[in-house]
Every structure is written in structure tokens, then in C-alpha cells.
Number of protein chains: 2
Amino acid sequence: MDIDNIIDNIYPLPEKSKTLLKENIYEITYPKAHVLFKANRIESTMYFIKKGIVRAYANPGDEEITFWFGKEGDAVISMKNYVENQKGYETIELLESCDLYKLNTEHLRKLFSEDIHVANWGRKFAEQELIKVEERLIFRQCRTAMERYKELMATDPELLQRVQLGHIASYLGMTQVSLSRIRAELK
Amino acid sequence: MDIDNIIDNIYPLPEKSKTLLKENIYEITYPKAHVLFKANRIESTMYFIKKGIVRAYANPGDEEITFWFGKEGDAVISMKNYVENQKGYETIELLESCDLYKLNTEHLRKLFSEDIHVANWGRKFAEQELIKVEERLIFRQCRTAMERYKELMATDPELLQRVQLGHIASYLGMTQVSLSRIRAELK
DNA sequence: TTAATTTTTTATCATTTGTAAAATTTTTAC
DNA sequence: GTAAAAATTTTACAAATGATAAAAAATTAA
């Protein structure tokens, strides 16, 4: 998905504001397994995914907890980084080789304070992410592991094709063994 | 917590913008059990809590899923309502008699398009909510029911004093019986 | 206060999920 | 293509959690 579509899907910008925003964006390609954000670091970048798929995981203790997948059209940010300019709690790695649009968040913040259209674009962006996260939170609360898997199959079957099951299991809040058992039961 | 503090904690506004925003806000008190938002309705209000505590739940009728508690200083919105002007999925009810600040979201949207400071205030508001929701999402993923309960005790012990355990259990993704068992074990 | 209602706890048993280890399949590197 | 590594599935068993019912405790209302 190209950058004009990504920007306009969030909130259509007048040409002048869009130009200002795009001045600050360039394309870059990274190989599979590249790490975009490391936990406990302050970064001032964000990305949009032109092509590919990535995952975010937190690591409280030792056990990786995958809590997000991003694919074509999605924004990739480290939340604390983006919002508060503080150390992020997540690591984000590429699950496939990816074509990305990269932008500098300090520059973006400057535009927020100078251009009301970009400010509202940033507002819409946060609001849309907010809805997505809250819906995932509620969905996650759904009863059984089986129901959570079925729900994912229904809403995002593509994910199951593109991401290895260990990560899916973590994302769904169960062990890989549990997921495997559930899949066997559904055959 | 009074409205000036609530507004400024989100993002300090210049006096003129703050006046515009506050023109649109008034105080109101409702008794315990009053419902602020009903699921499947379009509303154009939001609230800030001056005093009291509320909960949001999805699935009214069927099995209620409590996914949020709000208390002094928190904003109360129905997400789909606020962001997309569409039917909300949650019901929000007062768990105590509450003093609230009420405002109209259509008026707020108008200010977003007219005043860059208010637009950035709205952006900051969404961003801060976003961090809170994502942190809850990750926290919810904590392995065992026991761990989730301990985590809540550590991060928000006050909640356990003010909210009945049935709601807490739902919030933590377990049955009330399970929660009771865990509490007994910890004595 | 007493009675009624709601909330919490306790007990039992069934089911689900986790742990560990081995077997199988798939992917990667040479 | 083959060997090594990684990912997935399977199995057996243990632990955690859920469902249900009923008792105890706490709260609310008359």
C-alpha cells in the first residue's frame, strides 16, 4: 500500500499539509528478522508498512508476549516512544522482508504544533489506533481458547497463513501446545 | 478532581482555547447505578469524573464483560461514539454516586477543526488513552489468574476496595469463584 | 432492628490448559 | 540434495480453572 493511500485513509489532508508531511518520509527496505524497535530504548522514528508483516512483543520476566501484528497499511510505533518520548516496553521485529515508509517523530511533533490539519491527522491516527486496541482487549476476554482461535480464523485468516503458530498462540494468550490441540480438534 | 486540572493534565491549553472548551462543559451529578452510555446507541456526549467510580462492560444481557473502570480525573467515553460517531458496544454505569463534567462531542469536533490548540489537546487525549489501553492489553496477557490478581493488587489496590469482586473477576478474565479461591490462597 | 437481598466463600467434580519430552514435519544452510 | 536447525504436533500427566450448588457473610430496605 502506497504512502498517499495510507495518509489519506487516516484523515484526508489538504495538498499543502500533505506535502509538508511527506517531506519527512522516505522509503526503506529491511530483511526478515530485522528489529525496528528494541525495548527500553528511546527512538524518534515511526514506520508505515508498504509491504510485509511485523510483530510486537513485550518481555515481562522472560516469556515473550506477542501482542500485535502489523501488515500492509499499518503504522508501526513504539507507544511510549511515540506518545511520551520515553523508553518503549516493546520489541518490534520483521517477520518477512519489508518495504517501509520511515518518518521522524520529532519532525512530526513540530508539524503538529504548526499545522492544524496535521494536528487533526495525528488526532485521528491516535483515535483509530485506540479503537483497534480496545476491540482487541475486549475480544481477548472472550471465554475459551477455542473461541479465541475460531474468532481469529473468522476475522483474520490471512494472519494464520503468514505467521508461525508459536507467535499466534502467544497473541491469543495460550501455549503452543494448546493451540496445536485446538487445531487438531477442528480437523 | 476539578475540570481545570483535568484539562491541563491532558495538555495545557492557552487561556483563550481553554475558555472555548469550557464553554461547552457543565457539571452534573447522578446517583449510583445510573447508566451513562447504553450499548448500541449513538450519543454525542462525553464526561470527566470529578468524583466517583464507573465501569464499562460489553455484552449486556448475555455474559457481561467488564473491561474498564474509571475514577476521579478519568474521561468517560463510548469509543465508537466518540471516534466514529457510531453505535457504541459498551454500557457504562455508575458504581457510586458521581459528580461529572459533561460535554458535547459535536461541539468538541467543531473546536478541533477551528483551534489548533484544542486539536492538539484532542490528539494528546487520544494518545494517552491509547497507552493506557495497550498497557492493559499486555497486562491482561499475564499467564495465570493468580498473577493477574497480584498485578492488580500491586498497581491499583484502591480498586479492590471500591469495586465489588464480581466485577473485578470479570475485569481480570476469570470467574468470581476463581477469584475468591485465589484470595483465600493468599491469606 | 429484622427480613430480604446481594455478595462472597466453600466444596465437589468435570473440563481445560500447562509442562515436559518425544516424534514428526518444515525450513534453512551448505 | 543432504544435514542441521527450527517449528509443529503428539502424548502423558499434573495443575489450574470452570460449573454448579449451597452455605456464610455482608449489605440494603422496610
Side-chain angles (χ1 to χ4, degrees), chain A residues 30-35 52-55 57 60-66 69 93-97 139-153 157-187, chain B residues 30-35 52-55 57 59-60 62-66 69 93-97 139-153 157-187:
Chain A
Y30 287 116
K32 181 172 173 170
H34 178 83
V35 171
I53 194 161
V54 312
R55 79 167 176 127
Y57 61 95
D62 269 79
E63 192 146 11
E64 280 180 14
I65 294 180
T66 295
F69 296 107
E93 64 166 20
L94 308 195
L95 300 179
E96 299 172 354
S97 161
F139 151 68
R140 169 86 42 90
Q141 195 109 344
C142 279
R143 282 262 154 288
T144 63
M146 170 72 88
E147 283 164 353
R148 298 199 297 276
Y149 177 69
K150 279 185 176 169
E151 176 82 17
L152 184 67
M153 281 209 304
E158 191 202 353
L159 204 65
L160 294 167
Q161 303 306 313
R162 291 176 78 180
V163 176
Q164 66 189 55
L165 293 172
H167 296 150
I168 298 278
S170 171
Y171 180 73
L172 291 174
M174 66 185 81
T175 61
Q176 180 159 5
V177 173
S178 250
L179 178 56
S180 183
R181 188 156 35 199
I182 283 165
R183 285 161 58 85
E185 223 175 307
L186 288 177
K187 265 178 205 157
Chain B
Y30 287 116
K32 181 171 174 170
H34 177 83
V35 171
I53 194 162
V54 311
R55 77 167 176 130
Y57 61 94
N59 242 351
D62 218 41
E63 184 143 14
E64 282 179 11
I65 295 179
T66 296
F69 296 107
E93 64 165 22
L94 309 195
L95 300 180
E96 299 172 354
S97 160
F139 150 68
R140 170 84 43 92
Q141 193 109 344
C142 279
R143 284 271 161 276
T144 65
M146 171 73 88
E147 281 164 353
R148 297 197 298 276
Y149 177 69
K150 279 185 176 168
E151 176 81 17
L152 183 67
M153 278 209 306
E158 190 202 353
L159 204 65
L160 293 167
Q161 304 305 314
R162 291 176 77 179
V163 175
Q164 65 189 57
L165 294 171
H167 295 149
I168 299 276
S170 170
Y171 181 73
L172 293 175
M174 65 186 81
T175 62
Q176 178 161 0
V177 173
S178 248
L179 178 55
S180 184
R181 186 158 37 198
I182 283 164
R183 284 162 58 85
E185 223 175 306
L186 288 178
K187 266 178 207 155

Spacing between R183(B) atom CZ and dT17(D) atom P, to the nearest angstrom: 16 Å

Spacing of L186(A) atom CG relative to dT10(D) atom P, expressed in whole Å: 12 Å

Residue pair E151(B), L172(B): steps toward the side chain to side chain contact (heavy atoms under 4.5 Å, CB included) verdict: CA-CA 10 Å; E151(B) 176 81 17; L172(B) 293 175; over 6 Å; no

S170(B) backbone acceptor or donor facing T66(B) side chain under 3.5 Å: no

Distance, rounded to the nearest Å, where E64(B) contributes CD and dT7(C) contributes P: 11 Å

Interatomic distance, M146(A) CE vs dT15(C) C1' [rounded to whole Å]: 13 Å

Spacing of Q164(A) atom CD relative to dT9(D) atom P, expressed in whole Å: 11 Å

Sugar-phosphate, base or nothing in reach of R181(B), heavy atoms under 4.0 Å: base

Nearest-angstrom distance from the residue atom CD of E185(B) to P of dT8(C): 19 Å

DNA chain C contacts made by residues 165-180 of chain A, counting heavy atoms under 4.0 Å: M174(A), T175(A), V177(A), S178(A)

4.5 Å side-chain heavy-atom contact, L94(B) and K32(B): no

Spacing of Y149(B) atom OH relative to dA16(D) atom P, expressed in whole Å: 18 Å

Beyond-backbone contact of Y57(B) with H167(B), side-chain heavy atoms, under 4.5 angstrom: no

Integer-rounded Å distance: dT6(C) P and K32(B) NZ: 12 Å

Any V163(A) side-chain heavy atom under 4.5 Å of Y171(A) side chain: no

Residue closer to the 5' end of DNA chain D, V163(A) versus R148(B) (nearest nucleotide): V163(A)

Steps toward side chain to side chain contact (heavy atoms under 4.5 Å, CB included) verdict (Q164(A), L95(A)): CA-CA 9 Å; Q164(A) 66 189 55; L95(A) 300 179; over 6 Å; no

